[in-house]
Amino acid sequence: MRTALAALLFSFSSAAWAQLPDADGPEDNKALSPAQAPATKPTVPACAQRLPGLRSPLAFAPGEELEFDLDAMGATAGKMTMAVQKKQDGSLPVQIKVQTNSFFSKVRRVNATAMSYMHPKTLRPSRYTEDATENEQHRTVDVAFNAKDRSVRVDYVIKGKPGSNNYSYDHEGMDVAGAIYMMRQLPLKEGMPLCFDVYGVRRMWRMTGSVVKREHVSLPLGEFDAWHLEGTAVRLDNPKLKREVHVWITDDDRRLPLAAVGTIDLGAVRATLTSYSRPGEKARQAQGKEQLKW
């Protein structure tokens, strides 16, 4: 089964995400004959450079909450919220919730929560968790990041059956939720390259992209100048699996993630910011049914 939660989260991670299986598909498990097997296993090109240093101060703080409308197959599919939590045991947690509405639940029912526990200064993760029910199937995931040896330990339970995986990453190792907030702190500028490894759906992916340009975006929430980012994700253990996505982040001190466009196995999916509340600021909510203008 393909997970809608990860697809929506990955849409905000500056690279691609679409039709990604929650477990190995038939093409992954099918044995190849000696004649069919490649002489050497294909590899994913390494990141040409590390990510730049983060801006300061942080664009977000505990108490910030963002709400998004989710559209899939040309119809409103549900809601997603992102909330920055109070510091906990030396980490800055962020919580993301996704729930489909009654209409879309006839196609796919999703009720899921993800948590990323980030270092409050570097925004690199130490732990990532998911608790999701999709079409009555329950799944939990607990991911531990070890920066010293660049390793990732994944423990999961799906339909009551436990499992685990061990991975490694190159220069940077992120999770799909925390990567959203890390990107908000990057010193974005036109043409800037982006490359890092990210965990999603029990696998590691190399995210490669760039900042396209600065654009004016008109949403029901208001008018914004925003950076347009695009990129591609390639699965490290299976480079033939790759996807594309586009993301818009405001060019101001708030660095709000305005929208993301990607795909899941059901087709195109879009997340659009409809309201936000931030400490010390007046809450803002979209009014009317205006169409997005780019």
Side-chain angles (χ1 to χ4, degrees), residues 4-5 7-14 55 57-86 92-105 107-116 118 132 176-185 188 214-229 245-262 264 268-294:
L5 171 65
L8 295 166
L9 294 182
F10 237 116
S11 292
F12 276 110
S13 300
S14 87
R55 293 162 30 119
L58 292 181
F60 49 87
E64 181 195 74
E65 184 167 330
L66 312 176
E67 184 172 299
F68 300 81
D69 273 350
L70 304 177
D71 299 286
M73 302 171 59
T76 301
K79 296 284 187 181
M80 176 168 68
T81 60
M82 300 181 180
V84 183
Q85 311 291 301
K86 293 181 179 180
L92 181 62
V94 295
Q95 180 189 73
I96 300 184
K97 292 185 176 182
V98 173
Q99 185 167 13
T100 52
N101 56 26
S102 57
F103 171 76
F104 194 76
S105 290
V107 179
R108 174 166 297 169
R109 294 176 300 282
V110 178
N111 189 342
T113 301
M115 293 285 294
S116 178
M118 305 180 297
V176 288
I180 302 167
Y181 289 84
M182 180 276 293
M183 284 178 23
R184 293 174 65 182
Q185 291 304 126
L188 302 177
R214 191 169 179 265
E215 300 177 350
H216 186 77
V217 179
S218 177
L219 302 181
L221 187 62
E223 304 287 326
F224 302 91
D225 289 320
W227 291 108
H228 174 193
L229 295 79
V245 82
H246 297 263
V247 180
W248 287 263
I249 297 176
T250 61
D251 181 24
D252 57 23
D253 291 339
R254 299 167 301 177
R255 289 300 179 96
L256 297 171
L258 295 177
V261 179
I264 60 176
V269 62
R270 180 178 67 189
T272 305
L273 184 66
T274 55
S275 70
Y276 64 84
S277 59
R278 292 162 51 87
E281 297 182 22
K282 183 179 179 181
R284 191 167 177 180
Q285 188 169 0
Q287 301 295 326
K289 300 291 186 179
E290 300 87 350
Q291 296 296 313
L292 278 66
K293 298 178 182 178
W294 308 93

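In what follows, every heavy atom counts, from backbone to side chain, and hydrogens, waters and symmetry copies are set aside.
- For the residue pair S218 / E223, a side-chain donor-acceptor distance below 3.5 Å is found, with atom types taken as modelled.
- With values rounded to the nearest 0.5 angstrom, T274 atom OG1 is found 8.0 Å from F68 atom CZ.
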For this session: In sequence, state the C-alpha distance, the side-chain angles, and the governing distance for R255 and L188, and then conclude on side chain to side chain contact (heavy atoms under 4.5 Å, CB included).
Result: CA-CA 10 Å; R255 289 300 179 96; L188 302 177; 3.5 Å; yes
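- Remark: R184 pairs with E64 by the side-chain hydrogen bond (donor to acceptor under 3.5 Å, both in side chains) rule, at least two apart or across chains.
- Using modelled atom types, one side-chain atom of Q185 and one backbone atom of A59 make a donor-acceptor pair closer than 3.5 Å.
- With sequence neighbours left out, the side-chain contact (heavy atoms from CB on, under 4.5 Å) criterion links D225 to R214, H216.
- In this structure the side chain of E215 never reaches within 4.5 angstrom of the side chain of W227, judged on heavy atoms.
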Exercise. Hey, mind stepping through L219 and L258 against side chain to side chain contact (heavy atoms under 4.5 Å, CB included) and telling me if it holds?
Worked result: CA-CA 9 Å; L219 302 181; L258 295 177; 4.0 Å; yes
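- For P62 against P279, the heavy-atom pair with the smallest separation is O-CG, 3.2 Å.
- With a 4.5 Å cut-off on side-chain heavy atoms, K97 and M80 do not count as touching.
- Every ring pair (Phe, Tyr, Trp, His ring centres under 6.0 Å) that F60 has, sequence neighbours left out, goes to Y181.
- Under the rule for a side-chain hydrogen bond (donor to acceptor under 3.5 Å, both in side chains), R284 has no partner lying at least two apart in sequence or in another chain.
- Atom CD1 of I249 is separated from atom CD1 of I180 by 9.0 Å, given to the nearest 0.5 angstrom.
- Not counting sequence neighbours, the partners of T250 by the side-chain hydrogen bond (donor to acceptor under 3.5 Å, both in side chains) test are D252.
- Scanning all heavy atoms of the two residues, the minimum distance from L70 to A271 falls at CD2-CB, 3.7 Å.
- Put simply, the side chain of V94 reaches to within 4.5 Å of the side chain of M118, judged on heavy atoms.
- Atoms CD and CE, from E65 and M82 in turn, are 11.5 Å apart once rounded to the nearest 0.5 Å.
- Taking every heavy atom of both residues into account, L92 and Q85 meet most closely at CD1-O, 3.6 Å.
- Between A61 and V84 the shortest heavy-atom distance is O-CB, 3.4 Å.
- Scanning for side-chain contact (heavy atoms from CB on, under 4.5 Å) contacts around Q285 gives S275, Q287, with sequence neighbours left out.
- When each of V261, L229, T272 is tested with W248 by the rule side-chain contact (heavy atoms from CB on, under 4.5 Å), just one qualifies, namely V261.
- Between Q99 atom CD and N111 atom CG the span is 4.5 Å, to the nearest 0.5 Å.
- Across all non-hydrogen atoms, the minimal contact from L273 to P257 is CB-O, 3.8 Å.
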